[in-house]
Structure formats: structure tokens, C-alpha cells
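Residue numbers run from 1 in the order of the sequence given.
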Amino acid sequence: MTISNANQHHGADYTPYEGIKVKGWPVLTMVRGNIVMKDGALVAGRPVGAYQKRGRPGIVAGG
């Protein structure tokens with residue numbers, strides 16, 4: 001598989017990995033036991049993820 005912006009699912013209009021050849025490619029993505037992407041196609045009808053609020057880090061540098 002050769003990575004290109006055309007085979008990416010994101011909001012950017014470029015990828016820094018353009019033209020890189022890779023072995024293997026994801027064929028299935030699951031969120032909470034639900035299949036959301038299969039063989040490159042979005043199959044989820046509604047959002048199934050949950051927002052994870054970022055907490056404060058345990059160690060804060062410089063203070």
C-alpha cells in the first residue's frame with residue numbers, strides 16, 4: 001500500500017507520509033465493540049465514541 005492523502009480520513013488537505021510504501025494496512029476499526037470502519041468504508045451510522053476529558057498531569061515540570 002502506498003500512503004496518499006486520498007486514502008486518509010482526516011480533516012487536513014495533506015499528509016506528511018505521502019508516497020511512503022507500507023506493508024499491511026488496517027482493515028477494521030472498532031470503538032467500544034462496534035465496527036466503525038471496515039475495508040476502508042465508514043459503516044457506523046451514528047457516533048459511538050465518548051469524549052475523554054484530559055486531566056491534569058501527575059508531574060508538572062517547572063513548578
What is the distance from atom CG of Asn5 to atom CG of Asp13, rounded to the nearest 0.5 Å?
-> 7.0 Å
Could you tell me whether the side chain of Trp25 reaches within less than 4.5 Å of the side chain of Asn7, counting heavy atoms only?
-> yes
In a check of side-chain contact (heavy atoms from CB on, under 4.5 Å) between Met37 and each of Val43, Val31, Thr29, which one passes?
-> Thr29
Gap separating the NE2 atom of His10 from the OG1 atom of Thr15, nearest 0.5 angstrom | 5.0 Å
Please examine the side chains of Leu28 and Ile35, heavy atoms only from C-beta on, and report whether any two atoms are closer than 4.5 Å.
-> yes
Can you tell me how far CD of Glu18 sits from CD1 of Ile3, rounded to the nearest 0.5 angstrom?
-> 9.0 Å
